[in-house]
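Below: one structure, written as C-alpha cells.
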2 protein chains.
Amino acid sequence: MTEQHNTKGRRPTLADVAKMAGVSKQTASRVINRSEHVTEETRARVLKCIETLGFRPSALARQLTSGRSYTLGVVSNAAIGYLTTGDAYTGMVRQADHLGYALLIKEMREFSRSSVEIMLNHLIDRQVDGVIWAGPEIGDSHAWLDDYPVNDLPMPLVVINARKRGNIDTVGFDNFQAGKIATRHLLSLHRHHIGHISGPMDRSVAQQRVEGWRAALAEGGQPESGNLCVEGDWEAPTGGPALRRLKEMCPELDAVFVGSDRMALGVLFEARQMGLRVPEDLAVMGIDNDRQSAFFSPPLTTMHQDTPLMAEIALRLLVRRICERRGEPYPESCAVPENPLLVHELLVRQSTLGVMPMP
Amino acid sequence: MTEQHNTKGRRPTLADVAKMAGVSKQTASRVINRSEHVTEETRARVLKCIETLGFRPSALARQLTSGRSYTLGVVSNAAIGYLTTGDAYTGMVRQADHLGYALLIKEMREFSRSSVEIMLNHLIDRQVDGVIWAGPEIGDSHAWLDDYPVNDLPMPLVVINARKRGNIDTVGFDNFQAGKIATRHLLSLHRHHIGHISGPMDRSVAQQRVEGWRAALAEGGQPESGNLCVEGDWEAPTGGPALRRLKEMCPELDAVFVGSDRMALGVLFEARQMGLRVPEDLAVMGIDNDRQSAFFSPPLTTMHQDTPLMAEIALRLLVRRICERRGEPYPESCAVPENPLLVHELLVRQSTLGVMPMP
DNA sequence: CTGAAAGCGCTTACAG
DNA sequence: CTGAAAGCGCTTACAG
C-alpha cells in the first residue's frame with residue numbers, strides 16, 4: 001500500500017516512529033539520514049518501525065528545516081520557445097532525474113524588470129536550489145541580467161540559449177561559428193551568390209547566424225552577397241516567400257543558407273514551384289537538424305544541433321554551482337567546463353551535394 | 001531589490017512584520033491572506049511594514065501548514081513520449097501558469113508496480129495538489145491503474161494519452177474514430193487496396209488507429225484489405241521500408257493510411273524512389289498534423305491533433321478535482337466534461353486530393 | 001552513542 | 001476585531 005496510517009488516521013510522522021522504537025526523534029532522524037553515530041542495534045529497531053509504520057519523511061518539512069529542496073526552477077517561454085524548449089526539456093528532465101532533482105517549471109510571457117523579479121521571487125519563495133533561465137533571447141528580454149545582482153540571489157542561476165554576458169553562467173551553441181561553417185560549405189561548392197533567410201532579427205540566435213554567414217562571405221571574398229538577407233520567422237510558411245524575395249533581389253542566386261530546417265522545408269517547396277532544381281540551380285542548406293530533414297525532398301544538408309545535450313550540460317553546471325556554494329563536493333558528472341559553447345556539426349546531404357548518400 | 005534583509009541578515013519573516021507593526025503574527029497573517037476581519041487602519045499599518053521590510057511569505061512554510069502546495073506533479077517519459085510530450089508541456093505549462101499552479105516534472109523509465117509506487121510516494125512527499133500521468137501507454141505500462149486504489153491517494157490524478165479505464169479520469173483523443181475517418185476519406189476516393197502503416201503495436205494509440213482503419217474497411221465493404229498492415233516505429237525512417245513491404249504484399253496497393261505524419265514523410269520519400277506518383281498511383285495520408293506536413297512533397301493530407309489543447313483540458317480537469325475534494329468552488333474555466341475524448345480533424349491536402357489548394 | 005530543546009515560518013483552532 | 005498557544009514534521013545546534 002502507498003499509505004499507511006497510524007491510529008490517528010494520518011500519515012505516520014517521525015514522532016510516531018520514535019515513540020514506537022522507544023527513542024528520541026533525533027535518533028530516528030539520524031537513522032533516516034544515515035548518520036554514523038547510531039548503534040547497529042538501535043538502527044535495526046528504528047528501521048523496523050519505519051517499515052511497519054510505512055513511514056516516509058515529509059519532503060516539505062525537510063526542505064523547510066534543511067534549506068535544501070532538491071528542486072530546480074526552470075523558467076521558459078513555451079509559447080515562443082516551442083520546439084527548442086521541447087527538446088531542451090527532454091535533456092533537463094533526464095539529467096535532473098539522474099541527479100536526484102525535480103524540475104519546477106514556470107512560464108514567462110513578458111520580460112520587464114518587474115516580471116523578472118516576480119518570477120525570481122516566486123522561485124525564492126519556493127526555495128528552489130537553483131534556476132535555469134531557459135527562455136529564448138528576444139530583443140532585450142535578457143537585458144535585466146546586465147545590471148541585476150545575480151550573485152546576490154540565494155541560489156545559483158544558469159542561462160541557456162542567450163548571449164554570454166559578464167560572469168553569468170551561460171550554456172549555449174556557437175551560432176556564429178555555425179553560420180560560418182554552413183556558409184563555408186556553400187562556398188566550397190563554388191557558389192557565388194549565397195543568400196540567407198534569417199530567423200526573427202530580434203532573436204540573438206538569428207543575429208549570430210547572420211553574422212557568421214557574413215563573416216564567411218567576407219572571408220571567402222564575396223562580401224557583396226552580404227546584402228542577400230531576408231527575414232523569416234523560423235517556420236516553414238515564411239521560407240517560400242523569402243526565397244522569392246531573394247530571387248528578385250538577385251536573379252543569379254545559386255545558394256541559400258536558411259536559418260532553420262523548418263524554413264528550409266518551405267524553401268524546397270517553393271523551389272519546386274519555381275522550377276528550380278536543387279541543388280543544381282540552387283544549393284539549399286538549413287540548420288538545426290530536425291529529425292525529419294533527412295527525408296525532405298531532396299534530403300537537406302544542415303547543421304546538427306544537439307539541444308537535449310545542451311540542456312543536460314546546463315543542468316550539470318547548475319548542480320555544480322549549487323554544491324560549490326554549499327561547500328559540498330559535486331558529482332563527477334557535473335564537472336563540466338565553466339562556459340561551454342557547443343558546436344554544431346555539418347551534415348552534408350543531397351540538397352547541396354546532389355548525389356545520393358550510400359544506402 | 002529582490003532581497004531585503006532585517007537586522008539579523010536573514011529574510012524578514014512574519015514575526016518581523018508583526019513586531020514592527022506592533023500586532024500579533026496572527027493579525028499579520030490575516031492581512032496577507034486578505035481576511036475580512038481586520039480594521040482598515042491595522043491593515044494599512046501592516047501592509048506598510050510588509051512593504052518596507054520587503055516581506056514575502058515563505059511558500060514552503062505555507063505549504064507545510066496549509067496542506068496546499070499549488071504544485072501539480074507531471075509524470076512523463078521524455079525519452080519515449082518525445083514529440084507529443086513536448087507539445088503537451090506547452091499546453092500544461094500555459095494553463096498551470098494561468099491557474100496559479102507550478103508544475104513539478106518527474107520522469108519515469110520503467111513501469112513496474114514498485115516504480116509506480118516510488119514515483120507516487122515522491123509526489124506525495126512533496127505534497128503536490130494533484131498529478132497528471134502523462135507517459136504514453138506502452139504495453140502494460142498502465143496496468144497498475146486496474147487494481148490500484150487511485151481514490152485512496154491523497155490527491156486527485158488525471159491520466160492522459162491512455163485507454164479509458166474504470167472511473168479514473170482520463171483525457172485523450174479518440175484514435176479509433178480518427179482511424180475510421182481517415183480511412184473513410186480514402187474510401188471516398190474509390191481506392192480499393194488501402195494499406196496501413198502503424199506505430200509500435202504495443203502502444204495503445206497505435207492499436208486504436210489500426211482498429212479504426214479496420215472498422216472503416218469493413219464498413220466500406222473491403223474487409224480483405226485489413227491484412228495490409230505493417231508496423232513502424234512512428235519515425236520517418238521506418239516509413240519507406242514499410243511501404244515496400246506493403247507493395248510486396250499487394251502490388252495493387254493504391255492508398256495507405258500512415259500512423260504518423262513523420263512516417264508518412266518517409267513514405268512520400270520512398271514513393272518517389274519507387275517512381276510512384278502521389279496521389280495518382282498511391283494516395284497517402286498521415287495523422288497528427290505536424291507543423292511541417294503542409295510543406296511535404298506533395299502536401300500531406302492528415303488528421304489534425306491538438307495536443308496542447310488536450311493537455312490544457314487535462315490540467316483543468318485536475319484543478320476541478322482538486323477543488324471538489326476540498327469542497328471549494330472551482331474556476332469557471334475548469335468546468336470541463338468528465339471524460340473528454342477529443343476528436344481529430346480531417347485536413348485534406350494534395351497527397352490524396354491531387355489538386356493544389358487555393359493560394 | 002543518545003536526547004531534550006529550540007527552531008524553520010507559517011496557519012489553524014480557540015478565546016476574548 | 002485581535003491575540004496567545006499549539007501545531008505542521010522535520011533538523012540543527014548543544015549537552016551529556
Side-chain angles (χ1 to χ4, degrees), chain A residues 3-6 8-46 49-50 53-70 121 124-127 154 326, chain B residues 3-6 8-46 49-50 53-70 121 124-127 154 326:
Chain A
E3 289 284 273
Q4 293 286 342
H5 295 293
N6 60 16
K8 288 185 198 155
R10 7 165 232 88
R11 272 184 73 167
T13 70
L14 189 66
D16 296 322
V17 172
K19 192 162 140 201
M20 186 176 198
V23 298
S24 68
K25 291 192 298 181
Q26 164 66 307
T27 297
S29 174
R30 283 194 186 95
V31 172
I32 291 163
N33 297 299
R34 307 181 204 296
S35 160
E36 304 283 289
H37 310 280
V38 186
T39 321
E40 211 29 75
E41 188 198 325
T42 321
R43 179 192 309 285
R45 187 148 37 92
V46 173
C49 294
I50 288 174
L53 283 172
F55 167 81
R56 275 167 306 107
S58 155
L60 232 43
R62 291 181 117 169
Q63 291 173 213
L64 187 62
T65 54
S66 73
R68 181 142 194 175
S69 64
Y70 286 99
N121 283 338
I124 292 170
D125 296 346
R126 281 174 176 269
Q127 231 173 84
R326 300 178 190 245
Chain B
E3 288 285 271
Q4 295 285 343
H5 296 293
N6 59 15
K8 288 185 197 157
R10 4 165 234 89
R11 274 184 71 168
T13 69
L14 189 68
D16 297 322
V17 172
K19 194 163 139 200
M20 186 176 197
V23 298
S24 69
K25 291 192 296 180
Q26 165 65 309
T27 297
S29 174
R30 283 195 186 95
V31 172
I32 292 164
N33 296 299
R34 307 181 204 299
S35 161
E36 304 283 289
H37 310 279
V38 187
T39 321
E40 213 27 77
E41 188 197 325
T42 323
R43 180 192 309 282
R45 188 149 36 93
V46 172
C49 295
I50 287 175
L53 283 172
F55 167 80
R56 275 168 305 107
S58 156
L60 234 41
R62 291 181 117 168
Q63 290 173 213
L64 188 60
T65 54
S66 73
R68 182 140 194 178
S69 63
Y70 285 99
N121 283 338
I124 292 170
D125 296 346
R126 280 174 177 271
Q127 231 174 82
R326 298 178 192 246

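Naming convention: chains lettered A, B, ... in sequence-line order (proteins, then strands); numbering from 1 in each chain. Keep in mind it's a predicted model, so treat the numbers as computed, not measured.
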Stems formed with participation of DNA chain C [Watson-Crick or G-U wobble, under 3.5 Å, three or more pairs]: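 Only these stems qualify: C:1-3 with D:14-16, C:5-12 with D:5-12, C:14-16 with D:1-3.
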Among residues at least two apart in sequence or on other chains, which ones pass side-chain hydrogen bond (donor to acceptor under 3.5 Å, both in side chains) with [X]?
X	value
T65(A)	none
R126(B)	T71(A)
S66(B)	none

Nucleotide range of DNA chain C lying under 4.0 Å from chain B heavy atoms: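 The contacted stretch runs from dG9(C) to dA13(C).
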Nearest-0.5 Å distance, CG of residue L14(B) to CD of residue Q26(B):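 The CD atom of Q26(B) is 9.0 Å from CG of L14(B), to the nearest 0.5 Å.
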Atom pair CZ/CG of R11(B) and D16(B) - distance to nearest 0.5 Å: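 The CZ atom of R11(B) sits 11.0 Å away from the CG atom of D16(B).
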Which residues share a side-chain contact (heavy atoms from CB on, under 4.5 Å) with A15(A), sequence neighbours left out: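 Counting only residues at least two positions away or on another chain, A15(A) forms a side-chain contact (heavy atoms from CB on, under 4.5 Å) with T13(A), K25(A).
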Under the salt bridge (charged side-chain N to carboxylate O under 4.0 Å, His left out) test, residues paired with E41(B) that sit two or more places apart: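 For E41(B), no residue satisfies salt bridge (charged side-chain N to carboxylate O under 4.0 Å, His left out) once neighbours in sequence are set aside.
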Contacts of type salt bridge (charged side-chain N to carboxylate O under 4.0 Å, His left out), residue R68(A), not counting sequence neighbours: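 Expected list: D129(A), E328(A).
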Check residues 57-64 of chain A and write down every donor-acceptor pair under 3.5 Å in which the side-chain atom is one partner and the other belongs to a residue at least two apart or another chain.
from, atom 1, to, atom 2, distance (Å)
S58(A), OG, L60(A), N, 3.3
S58(A), OG, A61(A), N, 3.1
R62(A), NH2, N33(A), OD1, 2.7

Stepwise side chain to side chain contact (heavy atoms under 4.5 Å, CB included) check, V46(B) with R43(B): CA-CA 5 Å; V46(B) 172; R43(B) 180 192 309 282; 5.9 Å; no
DNA chain C contacts among residues 20-31 of chain A, heavy-atom distance under 4.0 Å: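 Result for residues 20-31 of chain A: V23(A), S24(A), Q26(A), T27(A), R30(A), sorted by number.
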